[in-house]
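Right, one structure below, let's go through it.
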Amino acid sequence: MMKAINSIYVTVIMTLAVFLSSCEDLSDINKNPNNPEEVSANYVLTYVLTNTGKVVFNLGRDGSRIGGAMQYMQQGTNTGAPEVNQYDWSRESWESYYVILRNNALVYESGVRDDNRFFQAIALVMRSAIYGLLTDLYGDIPYSESLKAGTGAFFPKYDDQAAVYKGILTDLKEADNLLGSLAPKDAVNASSDVMYKGDASKWKKLANSLRLRYCMRLSEKKQDMNAAGINIEAEFKEASAGAFASNADDAFINWIGTARDNSAPGGPLNSANPNFALKPGKPFVDKLYSLNDPRLHRFVQPVQRKWDTKVTKETTVTVTNIFGESYPVVYVPASPASADTSLYVGLPIGLPITALVVYNKGNDGTVYHAERSPYISFLHDRYRKNTDAYAPMNLMTYAEVEFILAEAALNGGFGIADPAEHYKKGIRAAMTKVGVFEAASFNFDNYYAQTTVDYAKAANKLERIMEQKWLSSWFGIQSWFDWRRTGYPALKAGVVAQYGDAIPVRFMYPSPNLDPSYVVNYNAAVEKLGTTPFIPSGQSKDHPYAKMWLLNGGSKPW
């Protein structure tokens, strides 16, 4: 997996064919376009960005482990249900991450070779984002000795998380410095940079925003990081001045939607059968519904058949949501009393399969397709399209930054003031991201004034921040990392959870290579994981319920 360090994969060229619809003549940049040792970083950069976007998107998309854990969705039929609903997580490969990292190393090496600080900086930012994701997911990972098979290092050690996070913050700071001292010669082709179109100021903001993310991730490990030579609070204060300042700074890539490789996984180019098995999770739907939050209409469709206490016979009604989208809904006389009469109905968490397939059917004896019960809401049809403006590949958003600043201001010590204002900006930014303000009837001030939204009215301020951050992270993964650290939102596992009344906190390592030189490093990493009551007796600590260093020593999330 880590041996082919100097090879450039055919997928690089394949990706370029679909992601670069037009490109300037780059022949003057290449010293020898037929020699992979000297390939232009412009070519490889597109591969790194688009494939990083895909990796992150797939971690949070419909049917994902994290999506199920954060109760954004549930699987409605037997296919895939144990993984999503029951947390029956198996080993997770990290090959795709290291393939990206190997190509990203070529971008950095090209930048050094050509004395191009811009390429060096971008590569450091992407290296930090990917290694950060790896250690967030697994714990200790191959880091300092990885990507060195060319020098004979075929079995890299697993570095301690503290060392990995130190390297990430160090690289991001260096990237920030490089981006602050660019010369005219330090250029990146705008067509190759499919995220920021060669805008160095945007990359500089991303570097600083990622610094904020990881400083907050480490907020409970300040002493350990101080011992490692990283002052978390000082890093945070320095980075906060240069982080995202508006939604225009968001780090994201849109799906093009013209071929399978550049289309969203749920669209017809990738999915011959539209995915209706995935249902929105009841806790998420109920929370948005209770807040009269218009984002519900962006994410979820109304039921096709609605139990209703006010009709005496079946009546078809045209329901139009706040954005002007219309749906025919059959109102059915409510019976039995236990039926959910809401217009938007999510699937409860962790029900047995037999209960899932008949949920909310009441006394309706009609046999419906197992995936298409009309009494449960479907995900919005944008998640069954090749591309949609409100479903891009997001790497980091301005909304996340504002919620981080709100938490930092609440905690104190980070040099940030006014948590309420940052919290409010975070909500507004998240709503702007999904086009909420396109609805003329929506009044943000009225929304915010609700007792269940207003920061000043919250008995538990941290819970209030994390709840809105959770809502803003729909189809994202940052809410899982935040939940592990804070315990908010206070989610509960379902009755069929595989290992007890708890939600998993890590990915298991890939199946270990049986070579003794590999096993010794793997075993050393596993031994450092913290055991918990949710790991069955006799099972390895390489388990979804083991606590990595980042979570060890605390009572969160359980």
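The figures that follow rest on heavy atoms only: side chains count, while hydrogens, waters and symmetry mates do not.
Between Lys433 and Glu400 no salt bridge is recorded (no basic side-chain N to carboxylate O distance below 4.0 Å). A salt bridge is absent between Asp454 and Lys424: the closest approach of a Lys/Arg side-chain nitrogen to an acidic carboxylate oxygen does not fall below 4.0 angstrom. Electrostatic pairing of Asp176 and Arg211 counts as a salt bridge here, judged by a charged N lying under 4.0 Å from a carboxylate O. The pair Arg91-Asp542 counts as a salt bridge, with a side-chain nitrogen and a carboxylate oxygen less than 4.0 angstrom apart. A salt bridge links Arg485 with Asp482; the closest basic N to acidic carboxylate O contact falls under 4.0 Å.
Under the 6.0 Å distance and 45° angle rule, Lys528 does not count as a cation-pi partner of Trp549. Relative to the six-membered ring of Tyr390, Arg382 misses at least one condition, a distance below 6.0 Å or an angle of at most 45° to the axis. For the pair Arg428 and Phe444, the cation sits on the ring face: its NZ or CZ lies under 6.0 Å from the ring centre, inside 45° of the axis.
The only option from Ile404, Leu212, Val401 that meets the side-chain contact (heavy atoms from CB on, under 4.5 Å) definition with Ser240 turns out to be Leu212. Only one option out of Tyr143, Trp94, Tyr131 pairs with Tyr138 in a ring-ring contact (aromatic ring centres under 6.0 Å, His included); it is Trp94.
Side chain of Asn460 to backbone of Glu463: a donor-acceptor contact under 3.5 angstrom is found. For Asp249 (side chain) and Ser246 (main-chain N/O), a donor-acceptor pair under 3.5 Å exists by modelled atom type. Looking at Asn270, its side chain does come within 3.5 Å of a backbone N or O of Ser263 through a donor-acceptor pair.
When every heavy atom of Ala430 is checked against every heavy atom of Arg295, the shortest pair comes out as CB-NH1, 3.7 Å. The shortest heavy-atom contact between Val84 and Ser64 is CG2-O, 4.2 Å. The two residues Met431 and Phe437 come nearest to each other via the heavy atoms CB-CE1, 3.9 Å. Closest of all the heavy-atom pairs between Pro392 and Phe252 is CB-CD1, 3.9 Å.
Between Phe236 and Leu218, every side-chain heavy-atom pair lies at or beyond the 4.5 Å cut-off. Residues Trp307 and Tyr331 are not in side-chain contact: their nearest non-hydrogen atoms beyond the backbone lie 4.5 Å or more apart. When side chains are defined from C-beta on, Lys556 does not count as touching Thr486, because their heavy atoms never get closer than 4.5 Å. Side-chain contact between Leu410 and Leu462 is present, with at least one heavy-atom pair separated by less than 4.5 Å. In this structure the side chain of Arg372 never reaches within 4.5 angstrom of the side chain of Gln304, judged on heavy atoms. Using a 4.5 Å heavy-atom cutoff, the side chains of Asp136 and Tyr165 are in contact. Between Met195 and Leu395, some side-chain heavy-atom pair lies under the 4.5 Å cut-off. Gln468 places a side-chain heavy atom less than 4.5 Å from the side chain of Val453.
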Inset, instruction - Apply ring pair (Phe, Tyr, Trp, His ring centres under 6.0 Å) to the pair Trp470 and Tyr488, showing each step before the final yes or no. - result: CA-CA 9 Å; Trp470 171 59; Tyr488 298 122; over 10 Å; no

Legend entry - From CA spacing to verdict: side chain to side chain donor-acceptor pair (under 3.5 Å), Asp62, Asn275: CA-CA 9 Å; Asp62 56 325; Asn275 187 359; 3.2 Å; yes

Inset, instruction - Show the numbers, then the answer: is there a side chain to side chain donor-acceptor pair (under 3.5 Å) between Ser473 and Gln478? - result: CA-CA 7 Å; Ser473 189; Gln478 291 306 312; over 6 Å; no

Inset, instruction - Dump the intermediate steps for side chain to side chain donor-acceptor pair (under 3.5 Å) on Asp364 and Tyr368, then the final yes or no. - result: CA-CA 10 Å; Asp364 187 340; Tyr368 299 102; 2.7 Å; yes

Inset, instruction - Decide yes or no on side chain to side chain donor-acceptor pair (under 3.5 Å) for Asp340 and Tyr375, but give the supporting numbers first. - result: CA-CA 9 Å; Asp340 189 332; Tyr375 293 98; over 6 Å; no

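Summarising the local packing, CG of Asn443 is surrounded by more than 12 heavy atoms from other residues, nucleotides or ligands at distances under 6.0 Å. Counting non-hydrogen atoms of neighbouring residues, nucleotides and ligands closer than 6.0 angstrom, the NZ atom of Lys457 exceeds 12 such neighbours. Dense packing is recorded around CD of Gln498, with more than 12 heavy atoms of other residues, nucleotides or ligands lying under 6.0 Å away.
Between Phe534 and Tyr545, the ring center distance clears the sub-6.0 Å criterion. The distance between the ring centers of His543 and Tyr499 falls below 6.0 angstrom. Aromatic pair Tyr383/Phe475: centroids less than 6.0 angstrom apart. Checked against the 6.0 Å centroid criterion, the rings of His297 and Tyr344 qualify as a close aromatic pair.
Counting only N and O atoms by type, the side chains of His422 and Glu402 include a donor and acceptor under 3.5 Å apart.
Between Tyr72 and Trp474, the ring-plane angle classifies as perpendicular under the 30° and 60° cut-offs.
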